[in-house]
Amino acid sequence: MLCRALFAAIFCCALTRGNNAFAESTPNHGEQVNLFALPLKEVLEIRVDGSSSSLTSNHHVTVFDAGEFSVELNSLRFSDQTSLSAPTLLLIDGHAIERLNSLSGVKEYLTHFGPSVERIEVYKGRYTRYLSPRRVRTVVNIVTTTRNSEEASQ
Amino acid sequence: MKLLKHTILVLILCLFNTQIVRADEASAIEYKVKAVVLVNFAKYVQWPESTFSDPKQEIQVCILGDNPFGDVFTSPEAPKEAQGRPLKVLELPKSATPIEASRCQLLFWTDKYASQAKSLVESLKDRSILTVSDEKDDTSLVSFAIEDGKVRFSIRHKSAKQSGLTISSQLLKLANLIE
């Protein structure tokens, strides 16, 4: 009886914590995402109240499916996470920002950029023009409307 | 029945724990963003020449009382210099004396230490110190606020000028200007 109660408790905890995957993985984010490298204007766009709803409503987001890896932005749910266990290069508007070992950093950037995320491009394997350093297997490019409009005005 | 009771109890505890994790997470992100903004203050505010005794003297960012930033400033990615000067973050005790605080170029405090900060600022009013409060505060030159879930900051531009501080227009255009 005790064992069953213990098993149920562990299972319940796993379920609740799984639903909070973003918060769970966050302690690693600080190591992966260098906010100090971002322009102040972009840092001030980061939501600090833990909400990520801005991603899911009122913004049209095109999601590119690259073979085995797909991103479902609207539900902030990422499928096939294991395929990202290989080192991943994160680009913002084509500029290399971070080299990540998991999807959590990508998720944080998406949450931070919120409404300005226009689309996400995912390159796997054969898109070798981004494959630097050599061990990077996946490239995620977050295209933001903010940066694009700034570039256009310059 | 006993198993069900245990399970429900543990589930409630887990949900409660999840909420705590979320609150901590939000707070951690908030102070990470504020830390980045503080570093930008060090980059975009000019202190009078007389503030520094030599060209390589460090810019001291002081935190009065408990440090809400955790290890953000000591992380490897945190900038180590600003305006060609080493950037140093110093934790001041809440009972810091004006002499201790006079070494700071930037003085930050949370709401909890507002009264201690007020008396320090009174004693240091002839010094060019960029005073930054975590919440709206009449004592400080800069104050943070959270608006629509995002970090915002207000600057008392006129008072800052009177203190001998020159704030870059790049910073001013992102701020809510008071006075």
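Values below: all heavy atoms of this structure, side chains included; hydrogens, waters and symmetry mates excluded. Lettering of chains follows the sequences in order, A, B, ..., and the numbering in each one begins at 1.
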Atom group of B/Asp71 that falls short of 4.5 Å from chain A, counting heavy atoms: neither
Co-membership, hydrophobic cluster, residues B/Leu124 and B/Phe41, 4.5 Å side-chain: no
Taking B/Ile155 as the starting point, is it possible to reach B/Leu107 by hopping between hydrophobic residues whose side chains are less than 4.5 Å apart? no
Does B/Lys56 have more than 12 heavy atoms from other residues, nucleotides or ligands lying within 6.0 Å of its NZ? no
Looking at B/Ala35 and A/Phe36, what are the two nearest heavy atoms and their distance? O-CE2, 4.1 Å
Give the cluster check for B/Phe69 versus B/Leu130: same hydrophobic cluster or not, with ILVMFWY residues linked at side-chain heavy-atom distances below 4.5 Å. yes
With only heavy atoms counted, which part of B/Phe153 is less than 4.5 Å from chain A, the side chain, the backbone, both or neither? side chain
If I take atom NZ from residue A/Lys41 and atom NZ from residue B/Lys173, how far apart are they, to the nearest 0.5 angstrom? 7.0 Å
Nearest 0.5 Å, what's the NZ-CG distance between B/Lys34 and A/Leu44? 12.0 Å
Only one of B/Val151, B/Val33, B/Leu174, B/Asn40 forms a side chain to side chain contact (heavy atoms under 4.5 Å, CB included) with A/Val43, so which one is it? B/Val33
Is there a path from B/Leu171 to B/Leu165 through hydrophobic residues (I, L, V, M, F, W, Y) whose side chains come within less than 4.5 Å of each other? yes
Is it the case that more than 12 heavy atoms not belonging to B/Arg127 sit under 6.0 Å from its CZ atom? no
Side chain from CB out, backbone as N, CA, C, O: work out which of these in B/Val39 comes under 4.5 Å of a heavy atom of chain A, or both, or neither. side chain
